[in-house]
2 protein chains.
Amino acid sequence: MLTKKKKRWDDIPGCSLEAALNVIGGKWKGVFLFHLLDGTMRFNELSRLAQGASPRLIVKQLRELEEDGLVNRKVYAVVPPKVEYSLTEEGHSLHNILHALSEWGDLWVDNHPVEPVTKP
Amino acid sequence: MLTKKKKRWDDIPGCSLEAALNVIGGKWKGVFLFHLLDGTMRFNELSRLAQGASPRLIVKQLRELEEDGLVNRKVYAVVPPKVEYSLTEEGHSLHNILHALSEWGDLWVDNHPVEPVTKP
DNA sequence: CGGTATCCTGGGAGATACTG
DNA sequence: CAGTATCTCCCAGGATACCG
């Protein structure tokens, strides 16, 4: 039997905001969740969203989202293999937050242009 | 003269959501921002929020928030020293998001009780 | 009081190769 | 197609000590 790993936010007792950020704050989790709002996606589609990320990381992020109850993983017993990812109801409950974050980030990026690295 | 560091989200072009998460996603940033919504706080007060964190980290998080335009740092030329942190307007624009995250996290934590580590 | 200055470590993430 | 399996590197974050 499996020995359950401690949750990643165990050491932040009582802080629900930190818990939320830990759940959605992984490198690509926000992106995945956001795009999954529009419907199910396959592994390769998600990979394309995470340009340059190795499969290892993509799998890890998806597995954590699954463990945390935000994402469903449905495996079809066909060949070639087919796996579909979709949001659980809990995942969909992030809809407003994800859109708010996206809009806020949009404004923020506009107001904070990336300055070209100044020559010494 | 200073050579500007590349922004931490330089390698995630076009993704405003990731930008947002990078800005508010530091270890204690969410907590600091959330509590600063209620008014200015001094360094020591913020330290107390981040139980167990070393000053080095607290300073770093605050400096990054400052750099990112979310937090003001006001130094009073008195003795003993007094420094007050407060939110900029941009920081306050996170009000709804921070509260939404906090509430969502609250629910999530309720639905995902930390299971005691199962004995092998 | 509000920080610096050092030193150090864990694990998050990258790169590459292989497989059912 | 949808992943494992290794190996490695880097740096966010921790620990401790000291300072104006």
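Letters A, B, ... are given to chains in the order of the sequence lines, protein chains preceding strands, and every chain is numbered from 1.
- Residue Arg73(B) has no polar side-chain atom (N or O) positioned under 4.0 Å from OP1 or OP2 of dG2(C).
- Side-chain contact between Leu21(B) and Ile24(A): present, with at least one pair of heavy atoms (C-beta onward) separated by less than 4.5 Å.
- Of the residues listed (Asp106(B), Leu107(B), Asp110(B)), the one engaging Ser16(A) in a side-chain contact (heavy atoms from CB on, under 4.5 Å) is Asp106(B), and it is the only one.
- One atom, CH2 of Trp28(A), and another, P of dG12(C), lie 17 Å apart when rounded to the nearest Å.
- For dC1(D), the OP1/OP2 oxygens have no side-chain nitrogen or oxygen of Arg42(A) closer than 4.0 Å.
- Put simply, Tyr85(B) has no side-chain N or O that comes within less than 4.0 Å of OP1 or OP2 on dC1(C).
- For the pair Val31(A) and Cys15(B), the tightest heavy-atom approach, listed with the atom from each and the gap, is CG2-SG, 3.6 Å.
- Relative ring orientation between His112(A) and Trp108(A) is described as parallel, the plane-to-plane angle staying below 30° on a 0-90° scale split at 30° and 60°.
- In terms of position along DNA chain D, the nucleotide closest to Glu45(A) lies nearer the 5' end than the nucleotide closest to the other residue of the pair Gly26(B) and Glu45(A).
- A straight line from NZ of Lys74(A) to C1' of dG3(D) spans 20 Å, rounded to a whole angstrom.
- Residue Met41(A) contributes atom CE, which lies 14 Å from atom P of dG3(D) at whole-angstrom precision.
- For Pro81(B), counting side-chain heavy atoms from C-beta on, the closest listed nucleotide (dG2(C), dG14(C), dA2(D)) is dG2(C).
- Between the C1' atom of dT4(D) and the CZ atom of Arg63(A) lies a distance of 10 Å, rounded to the nearest Å.
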| request: For Thr40(A) and Lys74(A), run side chain to side chain contact (heavy atoms under 4.5 Å, CB included): C-alpha distance rounded to whole Å, both residues' side-chain angles, the deciding distance at 0.1 Å, then the answer. | output: CA-CA 10 Å; Thr40(A) 75; Lys74(A) 180 164 188 183; over 6 Å; no
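- In this structure, the CG atom of Leu21(B) is 17 Å from the P atom of dA12(D), given to the nearest Å.
- Atom CZ of Phe32(B) is separated from atom P of dG2(C) by 13 Å (rounded to the nearest Å).
- Rounded to a whole Å, the CG atom of Leu62(A) is 14 Å from the C1' atom of dC1(D).
- In this entry the distance linking NZ of Lys29(A) with C1' of dA13(C) reads 13 Å, nearest Å.
- Listed by residue number, Pro55(B), Arg56(B), Val59(B) are the residues of residues 52-61 of chain B with a heavy-atom contact under 4.0 Å to DNA chain C.
- Checking dG14(C), dA2(D), dC1(C) against the side-chain heavy atoms of Val83(A) singles out dA2(D) as nearest.
- Hydrophobic clustering of Ile, Leu, Val, Met, Phe, Trp and Tyr side chains at less than 4.5 Å, counting indirect connections, unites Leu101(B) with Leu37(A).
- Val75(A) and Tyr85(A) fall within the same hydrophobic cluster, where Ile, Leu, Val, Met, Phe, Trp and Tyr residues are linked whenever their side-chain heavy atoms come under 4.5 Å apart, directly or through other members.
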